[in-house]
Amino acid sequence: MSEKENKPLEIDNMYLVRRYFQPKNVIIKEIGNRLIVTIKEPENTEVATILKKDLEQINPFKKVSIVFVRDYKDGEVKNDKWQIKGVKNIIAIASGKGGVGKSTTSVNLALALSNLKLRVALFDADIYGPSIPMMLGYDKMPPSSYDGETFQPFKECGIESMSIGSMIANDTALIWRGAKACGAIEQLLTQTAWEDIDIMIIDMPPGTGDIQITMSQKIDFSGVVIVSTPQDVALIDAVKGINLFNKIGVPILGVVENMSYYICEKCGHRADIFGHAGVEKTAERFGVDFLGEIPLHYDIRVNSDSGTPIVQSEPDSPYAEAYEKIAEKIAQKLKLK
Ligand code: ADP
């Protein structure tokens, strides 16, 4: 499409936006099927809801996200990051869709990084299915506070952690809107008394929606690891994740293939149940690093669902080793080793 043909759409979008906000305070970006409107004005959720509907009407094939920031320059958000004290590096573990093993990967990578003698924190931001408390064995325990102002992180399995699941009943999460969810995530992240953490892992909500976009702009991420299973449907969503983080400017540390293959315990036969090397090929195609593959195994599921993640409960198994190799690569990339 020529530049000329492109223009009317831009004008229409800005035409709608300028009814509520100063055009000089607004940046409109298109990322894949998303239209992201970044506004440097005080947050106004009522107007944002109306504007979002208006924009969706003239962009029927796009999902619209509206993000308020305090400052930005040349399209990049500046000086508006959440202040997370006591933490040196933060990485996101993300996935294009739910159920691919993002949380299982987060928890086992956190433990594998801790085995490298790093001080590790794990933050569960998955409002749609916060599972870290169950995986680390502190399910249903409320966080405590010594001073009435900051939360004490949970200290299980040698790492510090906190979950958005501690703040909400499981059935409430789904009805939260973007702004409310982000407010809760910000509060918990910035008001937890993290102690001298070398690396924090954030288990992101699945997908590439408003919450993920806001978090990517407000958290000073050192990078993101994208988890996918090898099926085509999962890969399509993983690619959406790669595109989103690329465009927002969060460095992609690499991709991990989970449930990669199955080894029969009786005969040792390897079965590539969902096909082979799909994630590695996709990584190559998009110029991002392939960090490694995790097999599909009964023990990984049972241990992660019963509060004893495999890196801790079966440290000498090949499954723990698979996570450890990936953790080493992450630590090297961040120059922590
Ligand atoms: P997500 O965070 O992407 O929604 P989870 O980590 O909660 O996914 O994993 C979904 C289910 O799959 C859980 O029951 C988990 O124990 C299981 N699972 C994840 N990875 C593996 C694996 N490599 N082998 C066996 N089961 C796994």
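Quick caveat, the model's predicted, so the values are computed rather than measured. We're numbering straight along the sequence, starting at 1.
- Residues M204 and A92 approach most closely at CG-CB, 3.7 Å, considering heavy atoms.
- Side-chain atoms of I294 and V227, non-hydrogen and from C-beta on, never get closer than 4.5 Å to each other.
- Within a 6.0 Å sphere centred on NZ of K63, heavy atoms belonging to other residues, nucleotides or ligands number 12 at most.
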What donor-acceptor contacts under 3.5 angstrom involve side-chain atoms of residues 134-146, with partners at least two apart or in another chain?
from: Y138; atom 1: OH; to: S161; atom 2: OG; distance (Å): 2.9
from: S145; atom 1: OG; to: D147; atom 2: OD1; distance (Å): 3.3
from: S145; atom 1: OG; to: G148; atom 2: N; distance (Å): 2.9
from: S145; atom 1: OG; to: T150; atom 2: O; distance (Å): 2.6

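- One finds the CD1 atom of I273 at 11.5 Å from the OG1 atom of T229 (value rounded to the nearest 0.5 Å).
- No hydrogens or angles considered: nothing links the side chains of N258 and T105 as a donor-acceptor pair under 3.5 Å.
- Rounded to the nearest 0.5 angstrom, L116 CG and I330 CD1 are separated by 10.0 Å.
- Rounded to the nearest 0.5 Å, atoms CH2 (W82) and SG (C182) are 5.0 Å apart.
- Between the E280 side chain and the G278 main chain, no donor and acceptor come within less than 3.5 Å of each other.
- A continuous path of hydrophobic side-chain contacts links F68 to I50 [ILVMFWY only; heavy atoms under 4.5 Å].
- A salt bridge between K88 and D198 is present, with a side-chain N of the basic residue lying under 4.0 Å from a carboxylate O of the acidic one.
- In this structure, the side chains of K52 and L55 stay at 4.5 Å or more apart for every pair of heavy atoms.
- Counting only distance, with no hydrogens or angles, the side chain of R18 and the backbone of P23 share no donor-acceptor pair below 3.5 Å.
- Under the 4.5 Å side-chain heavy-atom criterion for ILVMFWY residues, a single connected hydrophobic cluster contains both L336 and L113.
- Between the side chain of E257 and the backbone N or O of V279, at least one donor-acceptor pair lies under 3.5 Å.
- With hydrogens and angles disregarded, no donor-acceptor distance shorter than 3.5 Å links the side chain of K97 to the backbone of A234.
- For the residue pair S106 and I93, the shortest heavy atom distance occurs at OG-CB, 3.4 Å.
- Within the 3.5 Å criterion, the main-chain N or O of V100 finds no donor-acceptor partner in the side chain of S95.
- Here the NE2 atom belonging to H269 is positioned 13.0 Å from the OH atom belonging to Y261, to the nearest 0.5 angstrom.
- A heavy-atom distance below 4.5 Å is found between the side chains of L51 and V17.
- Side-chain contact between R34 and D210: present, with at least one pair of heavy atoms (C-beta onward) separated by less than 4.5 Å.
- Residues Y319 and M259 fall into different hydrophobic clusters, defined by Ile, Leu, Val, Met, Phe, Trp and Tyr side chains chained together at heavy-atom separations under 4.5 Å.
- Residues I127 and I185 meet the side-chain proximity criterion, which asks for heavy atoms closer than 4.5 Å.
- Note that OG of S103 and CD1 of I201 are 11.5 Å apart. Values are rounded to the nearest 0.5 Å.
- Distance alone, capped at 3.5 Å, is enough to place a donor-acceptor pair between the N108 side chain and the I310 backbone.
- Side-chain atoms of Q212 come within 3.5 Å of backbone atoms of G207 as a donor-acceptor pair (strictly under, hydrogens ignored).
- Of all non-hydrogen atoms in S65 and I213, the two that sit nearest each other are OG-CD1, 3.6 Å.
- Here the closest non-hydrogen pair linking G98 and P206 is N-CB, 3.6 Å.
- For F221 against M215, the heavy-atom pair with the smallest separation is CE1-O, 3.7 Å.
- In this structure, the separation between CG on D237 and OG1 on T208 is 7.5 Å, given to the nearest 0.5 Å.
- Between I211 and A181, the closest heavy-atom pair is CD1-CB, 3.7 Å.
- Judged by distance alone, with hydrogens and angles left aside, the side-chain atoms of W194 form a donor-acceptor pair with the main-chain N or O of L189 at under 3.5 Å.
- For the pair M162/F154, a side-chain contact is recorded, criterion being any heavy-atom separation below 4.5 Å from C-beta on.
- Under a hydrophobic clustering in which Ile, Leu, Val, Met, Phe, Trp and Tyr are joined whenever their side-chain heavy atoms come within less than 4.5 Å, directly or via other members, F290 and L334 fall into the same cluster.
- In this structure, K218 does not pair ionically with E186, as no charged nitrogen and carboxylate oxygen lie closer than 4.0 Å.
- A search for ring pair (Phe, Tyr, Trp, His ring centres under 6.0 Å) contacts involving F274 returns nothing, not counting sequence neighbours.
- Residue pairs that meet the salt bridge (charged side-chain N to carboxylate O under 4.0 Å, His left out) test with at least one member in residues 314-332, sequence neighbours left out, are E328-K337.
- Side-chain atoms of D126 come within 3.5 Å of backbone atoms of Y128 as a donor-acceptor pair (strictly under, hydrogens ignored).
- Contact check for Y20 versus I39: no side-chain heavy atoms found under the 4.5 Å cut-off.
- Side chain of S114 to backbone of A110: no donor-acceptor contact under 3.5 angstrom is found.
- Between T38 and K29 there is no side-chain heavy-atom pair separated by less than 4.5 Å.
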